Amino acid sequence: MSDHLSGDRVLITGGAGFIGGHLARHLVAEQADVVVVDDLRAEPLISPEGTGKFLEKPVLDMTEQDVEGVRLVYHLASHKSVPRSFRQPLDYLDNVDSGRHLLDLCAGVGVERVIVGSTCEVYGQAETLPTPEDAPLSPRSPYASSKVALEMLAQAHQRAGGFPEVGVVRFFNVYGPGERPDALVPRLCANLLLRNELPIEGDGQQRRDFTYISDVVRKLEMLAHGDIAPVINLGSGHSYSVSEVVGFLRDISPTAETVRKPGRVNEISEFRAGTTLQDRLLAPSHISVDMATGVHETLSWWESRDMDDTRRRVLLEETN
Ligand SMILES: NC(=O)c1ccc[n+]([C@@H]2O[C@H](COP(=O)([O-])OP(=O)(O)OC[C@H]3O[C@@H](n4cnc5c(N)ncnc54)[C@H](O)[C@@H]3O)[C@@H](O)[C@H]2O)c1
């Protein structure tokens, strides 16, 4: 795969963020000519240095010049917090409008392929587990609704045919170093290092499908060439409950206490990806980093960071 990307110009929106940053650093190492677009509205926990040419601007300010000569675009820029989307729903319209603008630019200059980042949240409370790509969409938050709208725009481009070839990827829970603590694993890690009780929202039985970041980057790289599907799940096909994830951290730090917090609005009881399509198109798509190892790696990264307790506390408060 590395030979194929060598020299190709690849543009990553949201490339200063968690998934985009890891992808950008990986593709730079593979000799791709990487351009990152990010307006830094979310403060990166890993410096965007080494991620290629950096264009600090919102997607809506991009021009045709920015996509000229680009073969492949990963569109990962997004507001992505479910709870915040209930408090500030209008911000999430930007997810839709930015996607519309970017797809139009790419169609205008004939970019070959655009991979659009969506989420398992579009399924809502799925009736079928594991959930295949053709399950009904039933969003339960403004965030999930913005991604459904983004997917519909992508579909319009798919129906038009020609360029760009557009593929939607539905990420399930991606975790690892560099993710802000608005997600479960980094939130637990930051709390553990602050010697806080580990927060469990609701009954802790809600289940999520976790994939370590390096496995996700590998799958995204595979989508650079070859056949793509209109929509593909990027998940592991296995789920863990919140209490089980807490258990991985208590295996490392047995004296850690837990504390119950109120459950979330419209909480989904389980996400679990159907992986039939992924296994066919991205074989071998098996998970190379198991959950216990991934949680350990993430905690080690939080420990090794040049960050004092005050900064950890501020990050936790900011992302609440
Ligand atoms: N991390 C996960 O578990 C997960 C799960 C499901 C879906 N996703 C999706 O994957 C993508 C990447 O997620 P992430 O975890 O890396 O998020 P992130 O918040 O770490 O990164 C997103 C980046 O996009 C930037 N950004 C947001 N809107 C922008 C805009 N309009 N213009 C320019 N920059 C903008 C932010 O500054 C940030 O650096 C998103 O589309 C998200 O919805 C992620």
Side-chain angles (χ1 to χ4, degrees), residues 11-26 35-48 51 54-62 66 73-82 84-85 88 90-103 105 114-123 139 141-151 154 168-187 208-217 219-220 223 231-236 245 268 271 273 294 298 315 318-319:
L11 185 139
I12 305 174
T13 72
F18 167 51
I19 300 176
H22 280 279
L23 178 65
R25 280 183 292 277
H26 177 74
V35 180
V36 160
V37 174
D38 198 303
D39 63 3
L40 303 178
R41 68 184 66 187
E43 188 197 345
L45 294 194
I46 299 179
S47 154
T51 52
F54 190 79
L55 301 179
E56 186 178 337
K57 58 162 95 177
V59 170
L60 277 177
D61 286 358
M62 286 175 67
D66 296 328
V73 171
Y74 292 96
H75 177 44
L76 303 176
S78 178
H79 289 281
K80 67 156 199 179
S81 159
V82 172
R84 193 154 46 78
S85 77
Q88 294 161 267
L90 295 182
D91 284 357
Y92 285 70
L93 293 176
D94 181 61
N95 287 352
V96 185
D97 209 19
S98 295
R100 173 203 57 77
H101 178 64
L102 180 70
L103 285 165
L105 286 181
V114 180
I115 304 295
V116 174
S118 184
T119 169
C120 61
E121 295 277 345
V122 296
Y123 295 122
S141 64
Y143 165 63
S145 304
S146 75
K147 290 294 191 178
V148 170
L150 175 65
E151 288 197 10
V168 170
V169 292
R170 290 188 185 140
F171 296 108
F172 283 63
N173 282 59
V174 187
Y175 72 104
E179 188 175 25
R180 283 186 306 283
D182 48 5
L184 179 68
V185 176
R187 185 166 61 248
R208 299 290 179 261
D209 176 325
F210 295 92
T211 306
Y212 192 67
I213 182 67
S214 53
D215 284 323
V216 167
V217 164
K219 291 176 190 185
L220 286 173
L223 289 168
V231 182
I232 190 166
N233 286 338
L234 285 197
S236 70
V245 177
I268 314 285
F271 286 113
T298 309
L315 268 175
E318 278 174 358
T319 51

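All ligand and atom numbering here is 1-based and tracks the order in the structure. Everything quoted here is computed from the prediction, not taken from an experiment.
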Lys/Arg N to Asp/Glu carboxylate O, Lys57 vs Asp66, below 4.0 Å: yes

Proximity of Tyr212 and Tyr175 rings by center, below 6.0 Å: yes

Which of parallel (below 30°), tilted (30 to 60°) and perpendicular (above 60°) describes Phe172 and Tyr123? tilted

Arg208 meets the salt bridge (charged side-chain N to carboxylate O under 4.0 Å, His left out) criterion, sequence neighbours left out, with Glu267

Exam field: side chain Thr13 to backbone Ala77, donor-acceptor pair closer than 3.5 Å: yes

Run through ligand 1 for me and note each protein residue having a heavy atom under 4.0 Å from it, chain first, then residue number. Gly14, Ala16, Gly17, Phe18, Ile19, Asp38, Asp39, Leu40, Arg41, Ala42, Lys57, Pro58, Val59, Leu76, Ala77, Ser78, Lys80, Asp94, Ser98, Gly117, Ser118, Thr119, Tyr143, Lys147, Phe171, Phe172, Asn173, Val174, Glu179, Arg180

Does Arg180 come within less than 4.0 Å of Glu43, counting only side-chain N to carboxylate O? no

